[in-house]
Student: 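Starting off with a structure, shown below.
Nothing here was measured: the structure is a model prediction, and the numbers come from that model. Values reported hereafter were calculated over all heavy atoms of this structure, with side chains retained and with hydrogens, waters and symmetry mates removed. Index from 1, following the sequence.
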Amino acid sequence: MRKVMDCRDYPSEMNCTLAISGEEEEVIAAAAQHAATVHGHEDTRSSGPRCAG
């Protein structure tokens with residue numbers, strides 16, 4: 001099932017508008033990498049973002 005992670009659902013000072021969609025494992029990996037590199041969050045995939053289905 002296709003999942004979506006949208007930065008607009010998590011408001012920040014950056015006003016990021018990135019949306020990522022794909023299979024759950026792909027979305028979690030891409031969202032974790034984006035959160036770490038762009039937003040400065042720690043990449044802790046065990047407690048990663050929740051995907052909308």
Side-chain angles (χ1 to χ4, degrees):
M1 180 188 275
R2 198 154 184 86
K3 302 291 183 176
V4 175
M5 171 50 203
D6 191 331
C7 276
R8 293 172 294 187
D9 293 338
Y10 304 91
S12 69
E13 293 177 9
M14 296 181 74
N15 294 316
C16 186
T17 61
L18 181 71
I20 301 167
S21 67
E23 294 297 318
E24 185 170 4
E25 295 80 20
E26 296 170 322
V27 172
I28 290 172
Q33 182 179 12
H34 171 75
T37 59
V38 175
H39 297 284
H41 296 290
E42 185 177 349
D43 185 351
T44 57
R45 295 184 195 184
S46 62
S47 61
R50 297 178 189 221
C51 298

Student: With Glu23, which residues qualify under side chain to side chain contact (heavy atoms under 4.5 Å, CB included), at least two apart?
Tutor: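 Listed in chain order: Glu25, Glu26.
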Student: If I compare all heavy atoms of Arg8 with all of Asp6, which pair ends up nearest, and what's the gap?
Tutor: NH2-OD2, 2.6 Å
Student: Check whether Tyr10 and Leu18 end up in the same hydrophobic cluster, where Ile, Leu, Val, Met, Phe, Trp and Tyr are linked by side-chain heavy atoms less than 4.5 Å apart.
Tutor: yes
Student: Quick one: which residue pairs count as a ring-ring contact (aromatic ring centres under 6.0 Å, His included) with a foot in residues 13-32, not counting sequence neighbours?
Tutor: none
Student: First locate atom SG of Cys7, then atom CG of Asn15, and finally report the distance between them rounded to the nearest 0.5 Å.
Tutor: 11.0 Å
Student: How close do Val27 and Met5 get, counting heavy atoms only, and between which atoms?
Tutor: CG1-CB, 3.6 Å
Student: Verify whether one side chain among Ser21 and Arg2 offers a donor that lies under 3.5 Å from an acceptor in the other.
Tutor: yes
Student: Partners of His39 by side-chain hydrogen bond (donor to acceptor under 3.5 Å, both in side chains), sequence neighbours excluded?
Tutor: His34
